[in-house]
Each structure stands twice: as C-alpha cells, then as structure tokens.
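Report on the structure given below.
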Number of protein chains: 4
Amino acid sequence: MAVVNGYKQSENEKKLNILNLPELEQQAKEIIPTGGFGYISGGSEDEWTLRANRKAFTHKQIVPRALSNIEKPVLDTTVFGFPLKTPVMMAPTAAQGLAHAKGEVDTAKGVAAVGGLMAQSTYSSTSISDTAAAGDGAPQFFQLYMSKDWTFNESLLDEAKKAGVKGIILTVDATVDGYREADIINNFQFPIPMPNLTQYSEGNGQGKGIAEIYASAAQKIGPKDVERIASYTDLPVIVKGIESPEDALYAIGAGAAGVYVSNHGGRQLNGGPASFDVLADVAKAVNGKVPVIFDSGVRRGSDVFKAIASGADLVAIGRPAIYGLALGGAQGVQSVFKHLDQELEIIMQLAGTKTIDDIKKTNLLGINY
Amino acid sequence: MAVVNGYKQSENEKKLNILNLPELEQQAKEIIPTGGFGYISGGSEDEWTLRANRKAFTHKQIVPRALSNIEKPVLDTTVFGFPLKTPVMMAPTAAQGLAHAKGEVDTAKGVAAVGGLMAQSTYSSTSISDTAAAGDGAPQFFQLYMSKDWTFNESLLDEAKKAGVKGIILTVDATVDGYREADIINNFQFPIPMPNLTQYSEGNGQGKGIAEIYASAAQKIGPKDVERIASYTDLPVIVKGIESPEDALYAIGAGAAGVYVSNHGGRQLNGGPASFDVLADVAKAVNGKVPVIFDSGVRRGSDVFKAIASGADLVAIGRPAIYGLALGGAQGVQSVFKHLDQELEIIMQLAGTKTIDDIKKTNLLGINY
Amino acid sequence: MAVVNGYKQSENEKKLNILNLPELEQQAKEIIPTGGFGYISGGSEDEWTLRANRKAFTHKQIVPRALSNIEKPVLDTTVFGFPLKTPVMMAPTAAQGLAHAKGEVDTAKGVAAVGGLMAQSTYSSTSISDTAAAGDGAPQFFQLYMSKDWTFNESLLDEAKKAGVKGIILTVDATVDGYREADIINNFQFPIPMPNLTQYSEGNGQGKGIAEIYASAAQKIGPKDVERIASYTDLPVIVKGIESPEDALYAIGAGAAGVYVSNHGGRQLNGGPASFDVLADVAKAVNGKVPVIFDSGVRRGSDVFKAIASGADLVAIGRPAIYGLALGGAQGVQSVFKHLDQELEIIMQLAGTKTIDDIKKTNLLGINY
Amino acid sequence: MAVVNGYKQSENEKKLNILNLPELEQQAKEIIPTGGFGYISGGSEDEWTLRANRKAFTHKQIVPRALSNIEKPVLDTTVFGFPLKTPVMMAPTAAQGLAHAKGEVDTAKGVAAVGGLMAQSTYSSTSISDTAAAGDGAPQFFQLYMSKDWTFNESLLDEAKKAGVKGIILTVDATVDGYREADIINNFQFPIPMPNLTQYSEGNGQGKGIAEIYASAAQKIGPKDVERIASYTDLPVIVKGIESPEDALYAIGAGAAGVYVSNHGGRQLNGGPASFDVLADVAKAVNGKVPVIFDSGVRRGSDVFKAIASGADLVAIGRPAIYGLALGGAQGVQSVFKHLDQELEIIMQLAGTKTIDDIKKTNLLGINY
C-alpha cells in the first residue's frame, strides 16, 4: 500500500480469478479509498443515465444461430490500420493513480498483454511517455481535454507524437463537469498529481476538484476546434462524446478520423439517453466513412457483441478495467480484458459469427424489455 | 420556533447546502409538523399521478450535443414582457405558513433574490400587499381561486393590482379538492389564518379542512368566467390547470394571456396523466399564441430543460421551494432556486444550448423506459 | 360472532370509516377465517391476471378538464330500464356467509340503501326470496350457474321471478373452476349451506369444494343455452364472463339483453388478459345494442370512470363489498358503495363530466405505464 | 440415499402432492447436492435470458372463450406419427443421475405412465438401452450431441435404433457451453458416469466439467451435418436449438423431420431472446412443413397453451421434471406431468378449446406487460 498525500494506493500485482465484471465493483470498493471510489464509480445527478447505460443492452437481443458452420471464433480486428487481438479497448480514464500506485503504466502493460488498444487520458496519473513506454510497442491513443491555451494543446499533441502514441481522442462532451453527487458528498479533490497538467501555471491538479480541473479546459468547442487539432497533428483524431448523428457528421466534416460514441459513462448529462440506445443511429449516419468506437455501460461479452452489431468497430471499457487495476495491477487489467474476451468468444460461437466482421453483419432482435 | 394555534412553525433563516432537491423532502419532514407536511407533500388517492409526474420525465431524453460552440449559458428570459434571470418560477402554493413563520413573505424575498417570478396563492398565509412588498420590485403574479362571490373575486383582483402584482393566475382545476388521503389520515385543518379569506363572512380558513375551503370557491367554471375576469382586470390572466389542447384553446379564446399546464402536483385528479406527458401536445395547440407555464414534478435541471424543450416558457416549482422555506426561510428558498439554476446551466452547456430559446429549438429523444 | 359448522362468521353491524377500498382487504383478513378469506381474495394459478386487473387501469388516463362549466355531478343512471342512484352495482358473489352471518341479506340492504343494483349468486348463503325481500324494493338480478339439470335451472328462474328479481345474469366463464391455489393450500370446503342447491339431490354444497360444486354445473355452454334460457324467462338475460368481441356477438345473437365483461376477478383463466384491457374492444363490438356491465379489479372511483369511458354502462364490485360486509354488515356494504361513489363524484367533477352520459363521451389517454 | 463418488443421490419413489411446478425448485434444492443443483437450475451469465424465458409468456394472453359449446377437453395428439396422451414431452436433459439414483430410467417410466414422449440425452446417466427398456413401449427419442468423431456418432445412432428409439434430436446450439456461473462458483464436475461416452477414449465424463465434455463434441455444425445424420439414420431427425426462421429453413432444407425451438433453458446464449418471443416467427417460417417442438421456461398449463397457440406441436419441460425425479423418482416425474396436464385441461376448457388442434387455431392477445 502506497500513500500519497494521505491517499492509500493499492500496490497489488496478481492475476484475478474473475467470475464476471460486475462483481469487481464491490471488490474494488473495499480497497479503493471512499473519495477515489466515488469519483470512479459515480455518475451524475441521480444516475438515471448511468443505470440506463446497462439497461439499454436488454433492448436488443442476439439471436442464437446454430447451423453456421463455424468454430474457434477469432477476435482479431484491424482498426485505424492497427491490427488488434481484441475489439475491446481501454477507454481513456482519468486519474488511475486513485486505483493503483502504478496507475496508467500498469494499465498499459495489462492492455498490451492482451493485444488491445490503450488510451491515455489528459488527466492521467502518469506521464505520456511513461505510459507509452510501458505499452511495449502496442498501440496507444492519447485523449485530449482541449485547453483554452493552444500552446498547451499543441505541446501535449507534440509530446504524444514524440512518445509514439498512434492517435488522438479529442473529448468534447465535458466542457463542464456533470453534476456528480458522490464527489460533492465526499468533497473529493484529486490527491494524486497529474503530470500532463504541470505545463499549466496553475499546478498539477493535486488538491483540486473536477470542476476546477475542467475550468481550465475549453468550454466552447466546435467543428473549427476539431479542424484545428486535426490540422496540427498528423495523428488520426477521433472525436469522443458523440451521441447524435448531427455531431457525428460535424466531426467527420471537420476532419475527424473516427467517431467515439459515449456519454462519458453516465457522468455528464444525466437525463440523456443510454449510449447504446443511440449507437445504431449514429453509426448509420457515419455510414462507414470512419471507424466508430463505443463505450458506456459495457460489462459483458454480449454487450460487446451487441455494440459491434449496432455499428461499433471498437468497444471500450473504463471502470471494470480500473477495478481490475486496483485489485491486481497490470495482471489484474489483463485478467479483466481476458475475461471479457472469453465471454465474447462464447457469444460469437453461439451466435454463429466467426469474425468481428461477421458480428457487424448480424441483425439483432428488438423486443423491448 | 413560532407556535400558532398549537402548530409549530420554523423560523430558520439560513443558506442551505443543497445536494439535490429530492432529498429536501426528508429533511423538511423532520421540522414540519405531521399535518402540515402531509398537506404539502401528499397527492390524491394512491398517488399514482404524483409518482407518474416524476417518472414521465424519463420518457424523453436530452441528447448531449458536443460540438455546439457555446459556453457560459445564460438563463435570462423575458416572459409576459418581464425580464427574468431564470425560467424557473415559484408556483402559487397555498398556506406557506405551514412551513415557516414568515410564509410567503420569505418566499417572495428568496425568489426576488434570484431574479425569478413569484406567484402568490389566494390561500396564502400572508396578505397580498405584505407579500408584494417583500418582493423588492421583482415581478409577482397573484393566483385566484375563483369564489362564487364575484364581489370577493373583484376585490382580490383590485387588491392585487393595487399591491403592484403583475399578472393573475386563475386556477381552474380545483373546483373540488382531490381525494387526499394524507389529510384524511391526519384529520388536517389549516391552523394558520389565510388573510385573503377574511373578506368572506365565513372567516379566515383557520380550523377548516381543504374541502371546506374549496366549498366556498366556484365549482362551475367555464370560458365565460375566464372572459369575465380577463375583462375586469387589465393584468394578464393566465389559466392554470390546463392538461388538454381543448382547454388550452378555450382559455385562449376567452382571453387568457397564458396557459399554465399543471395537474396541481398530483393533488387533484389521480388517474390523470403525468403533466409532462401532456405538455408537448398542449403546447402544440397553443402554438406560440401565448406563453406556456408548466409545473408538476420538477426536481432537476434536466426536468426544467425537458419542459422548455417540450414547449414551456416558464417552469414552476412548488414543494421543493416550500421545503427550502422550512429549512432556511428566504435564504433557503433562494438556495433552492440557485441550485436548480446551477443544474440547469450544466445541462444547457452539455446539451449545447446557450440560451432559453436554444432549448426551445431542441428535439428530445423519446425512448420509453 | 356466529359459528356454523365450526366456521366463525362476523356479526358486525356498523358504518365504516373508509380511507380507501384497497385497505379493506387487510382489515377483513383479520376477521374472516383463513379458508373463507383465501376463497374470497384468491385468484387462479400465480394470480398474474388478478394483478393485471389492477395494473391495467394505469394503461389509460383521465384528462382533467377544467373549463367545463359543470358542478355537482350526478351519478344517477338508468340501465335496463331501472333508474339507479349509482353506476356501481354489486357483482354476483358467491357464499357471502363466509364473510358475515347475515350474508346476502345484509349485502342487499346495503346496496339498496345507496340506490344501487344488487346481484345474487346461485351459490348464495341465503335464499333468493330472503335476499330479494331484504332489498326493500330496489332492483335485484339473479345470477345463474347453469346446471346440467334443466328442471333445476327452470325452477331457479321461476323462483327468481317469483321473488321479484328483475334480471338474470347467466355466468358462462366458469364451466370448470380456475386453478385456485389458496383453496388447495387451505383444503377449502364450503362450511355454510347454499340454499339454492338444496333442490339438487346432492345436497346444499356444505362440505364441498368449489370443484365439486362446479361439477354439478354444465360444462358445455353455447349460444343455444343462452337462447333457451332467454326464451324460458321473460326477464332480461345478461351473459357474464365475456372477454371477446366474438362471444359478445354470440351472446347478443342468442338473445342476451346485456353483456357482462368480466374475467371473474382473476379467479378463472390465469394468463388471460386483464378485464379492463379488453373492455373497449368488446364494447365496440356491442356497439350500443345492449348494455354492458364490467367488473374485475375495480377499487377506485377513477377505475369506475375509466370503465364507463371505455364502454361500460354499469360497473360491478365484488371483493371490496364483501370486505365491507365482513367489517360492518349492511352498513359496511353501504359505506363501501358510498365511498366509491364519493371518489367517483370527485373524478367526474375534475374531469368536467356532470353525468354518466358525459363520462361515456370522454376520450381517455393511452400512455402505457 | 445412494452415494456415487461422494455425491448423494436421492432414491425417493413416491407420488408428489404438487401445488405448482415453480415451487418444486426450492423443494428439490433441499435434496440435490449444491453442485448438481447449480448445474441443473443455473443459466448462463447473469441469467437475463433465463428470466426472460418466464417473463415472455406474459407478452401474450389467452382470451377466455365462454360460449364454445365444449366440455372435457382432450390432450391426445399425434406427432411424428406417434399417438400421445399429452402434448407435453420430456426434454432431453443431461445427467439425471444428479437428481436421482435411477436417473433416466425413472424418468422414462414416469413419462410412459402419462402417455408422453421421452427424450434421452447423449449425456445421460443411464444407457440408451436401459432407458429405452424402462419406457415400457412408449415412444422415446434420442438426443445427439454430435461428436467430432463420426464413428462415435454413427455408433450412437445405431445403438438408439437398436434400442427401439423412434427419433433423433440433434442439438446444434451447444457447440460451446454457455458461460454458466453457478458451475464455476461450485467448481462443478460431473460425479456420475455417462455410459454413452465410454466409447470415447477419453472416458465416461466423470470428473469432467461441462466445458471439457462439450470440447469432445463438434463445434462446427452446419446443414451438411444435419444432412449426413439424416441420411445415415432412417429415424426422423429433429434439429434442436433453433431460434431463427433462417436456421429453421436451413434445417428443413437439410432433411430435418422437425424443428425444436429452444434456447437451451437459458443456459447457452445469454442476451439472446426468450424462446417464447421467437416461437411464432419460427413457426411461421416452418409453415407446417414439419412439426415444431418448443421448450425453455414452461412451468404452467397456460404456458403450454400459449406455445401451442404460437405454433408448437409439442412442448417440452426439463427442470420441473428433474425436480420431480429428485423428489419422487418415476412417480414424481409422473406427478409433474399429470399436474401440468391438469392445468392445461382447465385452461383449454376456459379458452373454449376441446382439442390440441383447437388450441392451434386460437389467436392470442398481445398486450405487452
């Protein structure tokens, strides 16, 4: 157990014996300090959208297909030109030092071990280069919370490029922070520094709440900003936080190389739709022009399958991986992804789909429960 | 703590540290005497419509809009020619002396402090002029429960006008009282006098139940009554308790300057629709001819947003403000409105809407949960 | 407390202070012996249809109508040529001696006191003539469970006619008894004799279970039977247990003077639709040719309103009246009907309907909850 | 109580006093060891599909039909040329030695006693010939989990034929095992040998988990395999595990003599539709070309009725019969089938259907609850 500014960080390093991802939350709660756990697990307001994110998957069903002549389904896929061993990627999740002393470095190792794609957050607890180095050559993306200060934005883009990061995820749905009651109840302030913020004059995030952190970020974001970032960097720019066909088209029109459908895990606009409920319409608007990434509420192999069948090319998880990180470090993260892959493989076989492309061609049923 | 006829009134005067409006109910329950609390919080019959009022907001969702190029949303709006700092107004709520010794006077102060619109009830615990004076120049409306006695109606309209009130809200959905079980269980009778009733020969309401009070009011109300009141006063007359396109058109045809969609907070016709479920159809019928006010079940900034996006120009709250009054007097009321405005601002930013007019142009999703 | 064959019967005679009808069930449970209470309250199988009977009323909503120029709604109605003071009638409910020593005699008195219509059951605990005499000139119907023995059927029809009964309700939905688990658990056998059965050689029902009782009744019932009964008696014959447009038309074609929509209070075909869910379609098929009676699940004034607005001319209650009988005898029954009338009056006023005919012209909303 | 490899098997032999099938699960839990009970009762993942299998029956309702002129409904039906006394058959359920020392032998006796159809599983605890001999001349089917080893498949088909089995059920929905959490929690391994597996070199299944067992089975199954099996045997081949119109047509095209709609009791693809929710569409595609068998979630006579009205010719039960086996051996199984038949008879009478063919002509209502 490491202690930073009075905050106790897990130093676990072990494989996990995972029954299912949902049960990790309770286990993680026992070792992550209250404030950190509230920040990680919580949604905004009364968490209706957070719960809807899970419930929405029951709106569609996967029809078992029994006579499909397939065996040994393969999870390999190539997205943005990167060959991956799994369509499940790591969502850019902030402040992983809240869960583990090694933070994003361990997450990167765990994700690399399964051949997945890692995304770093602007608000990481480890530096871009440290996280990148830990990834062992596996592809990583860097997520940018756009600052009001373009020098800062550009320096982060430069640093990401230099560190070997392969893509930029520009988050646009967090121009203010959602009203997160757990953080208010816990009077939560980040105890762990955020190395990427040290280039600000205002410090490294330590001792600040999420509202203050976001205050340094740009509130006014539009297609022109996407365009400017896409022009500045030669990395592909994926716009994250898209929940409407309109915004997807704005993003693509502005040069986005990918559309990331997400409601920020139910942490931003409560009263908004479940992310899965809008995925198919957004994907239809994108119409294959660029890859689609999806997150928010994914906990089961069947969720991953349903998302891909609804138009996603990659499906990201956040909280479950963070819980795995807390419980087992890099190996814990690896266990989480392996478990989800295992569930997905079973579903693929039973749904008669040998490849990720087969999933994409699958029609789901829509009996509303 | 003041005591009137054995009823204990709060005298709190303090800012409230509000997490969310729903939690105020439990806090208020601890300081408002049982009978008063039952009267304030209760609905009619088994409270199906009361609960539906909350549930209905989940029938529509606000799509996060990420690339809208906006920041610092403004809540200012002008309705009935009055510039307001917030689209959230105070519903005309009876007998506020049940919650606080200062009653409507404190509510008026709290509402004025946030730049909102205050509505007084015929059954106020303070007089029209006292409440009006407390409002510090901020606009106030006076709500009329039409009496069978037109001399009485006219004298109240005169008094309102004289006190500087800017509009009349004519409540038409309470020609009898809904079957409110809490009041029956508590054998509730108003312990606090109602100054506006002293012009009746029957007294000031003290010691009477709501059924007796309503018995003095007119049961038979139609467009001609709206017309007569609208002709008598030169103040704008808003008809409250409209739940159908038909009644909205009757009201407008009879000279109403506004339509107030409400089911009386689930206190009247149980088994009727949730107020939010009918708002869009009523607003469509009104078609911009006059402003639309909405209430019943509003507790969150997202509710306010959804109501405005469904056609409301103003959104009123009742119970939460009364709980704020009990817990903190004028400052408590102010805290309630400020909190709701804060939630609304966050939603507006995340929904990509800078102004109240932008909200009006927003299309909600309709995935039924 | 009277005791018959070891079964304890209530002898209460008092007005009841009723908050609402649903709460009577628990109160009655405390004074009705277990076997009797199980028989009265239970439904068939897992009681899905019993519960659906209540839930179905939430499928439709009554729109408050505020500007309707009405007051003092009147519940008077004339059905089958009989002027009634209320559209709520007593359902033909068996074996009321289970609830009270005076049985149907007291029920008849209570119903007469409110100016309602009483229906006796073939399986009554009191004789046709005794019950009829207790009704004090108020109209009564006699419900016939058709026997295999036509001599028996005809003698009952003769006896009913002689006793001054005004109509025959022919129950056709109970050709076998539903699978009622409470009766099986309690090993329930009727402890109280059924005078109408003494004309059978097999006895008076005492000591028999409902399956044995029904075994004496005809299982094979069709339009020809309706026709034969309608030809035999000059009283109007209402066919009870209709849940489909087809059966309604068969009944009318065979000479039925009325159609009684009911699923026997959820006691027969579990897995069948809620009675309210089929009412509108049946009434549409009937198309005003004969009056429509409705029962199953009615507990609130709003339920009565919704049923009438959906095509019912009369709305019957069973269990709540029986609970009132147990708790207060004739006065208890009267209290139950008065309470329901009171709730209905409030709903009528708030829905802008002065008469029962006005209710019939009302369109309900259909927002599914 | 017999003990095999430390596993305690029931040796009960008695008629059961059954209130309803759902309550058997709890009773059986008390006498079946934890691992065995988890294997029998469990579904896959979070058991959403398992629960949906039950819930789905509420999506359709059986309209009571009162004037149908019928009595004494008969359950006799002829399917695949076999006259049966009931449309309810025994699903091919594995490893019945987990429930009772006599295993499938007792089940076969119980099913024969009610004149039903018995299906043996490849993974039976008793041999094909022993089970067949116990059936006393009543028709039996043999269910095949197709092995990778065609010699093995053919030898089982030969053995079934030789034992007098009348049909082959080819299960195609279990090319891998669903992710069954109960088995993982219990670290479940089959304690009882599976005689049909001894022809494998790998042993008799004892001490293996379900994943290992399935690993010996073919994963890659397509229409060609159906064709090959249908050509090899002159018994009718029914394909089990069909949930889509497409697979039904593939199966028929490949020579299937029947289509068996099932989601394996919610044990395979969790996140898939309830079996009843897809039945009508599959049956429509089959269009009477071959008989349709249905299972998954059947517990009530009304479920059987709804399935037949939706296109099933036979309706199978699994778990309830196994619970009956544990509680009462052959007589317990008989009691379960008799109880379900009794419920079905009541429903048939109340729905106005005298024969199984009448049920097939019945239109269900579709009010979604």
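A, B, ... follow the sequence lines: proteins, then strands. Residue 1 opens every chain.
A:Ala248 meets the side chain to side chain contact (heavy atoms under 4.5 Å, CB included) test with A:Ile242, A:Val259, A:Val282, A:Val286; sequence neighbours excluded.
With a 4.5 Å cut-off on non-hydrogen atoms, D:Ala254 does not touch chain A at all. Looking at A:Ile346, both its backbone and its side chain come within 4.5 Å of chain D, counting heavy atoms on both sides. Using a 4.5 Å cut-off between heavy atoms, D:Ala218 makes no contact with chain A at all. Heavy atoms closer than 4.5 Å to chain A are found in both the backbone and the side chain of D:Ile221. With a 4.5 Å cut-off on non-hydrogen atoms, A:Leu19 touches chain D through its backbone and its side chain both.
Across D:Pro273 and A:Ile62, no two heavy atoms sit closer than the pair CD-O, 3.2 Å.
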Check chain A against chain D and list any donor-acceptor pairs under 3.5 Å.
from	atom 1	to	atom 2	distance (Å)
A:Leu19	O	D:Tyr179	OH	2.6
A:Asn20	ND2	D:Glu181	OE1	2.7
A:Asn20	ND2	D:Glu181	OE2	3.2
A:Ile62	N	D:Gly271	O	2.9
A:Arg65	NE	D:Ser244	OG	3.3
A:Arg65	NE	D:Asp247	OD1	3.3
A:Arg65	NE	D:Asp247	OD2	3.2
A:Arg65	NH2	D:Asp247	OD1	3.2
A:Ala66	N	D:Asp247	OD2	2.7
A:Ser68	N	D:Ile221	O	3.3
A:Asn69	N	D:Ile221	O	2.7
A:Arg300	NH1	D:Glu181	OE2	2.8
A:Arg300	NH2	D:Glu181	OE2	3.0
A:Gln349	NE2	D:Thr175	OG1	2.8
A:Gln349	NE2	D:Gln219	O	3.0
A:Tyr369	OH	D:Asp277	OD2	2.7

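Environment of NZ in A:Lys360: crowded, with over 12 heavy atoms of neighbouring residues, nucleotides or ligands closer than 6.0 Å.
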Checklist entry - Given A:Val63 and D:Val278, is the side chain to side chain contact (heavy atoms under 4.5 Å, CB included) satisfied, shown in steps? => result CA-CA 9 Å; A:Val63 184; D:Val278 301; 5.6 Å; no
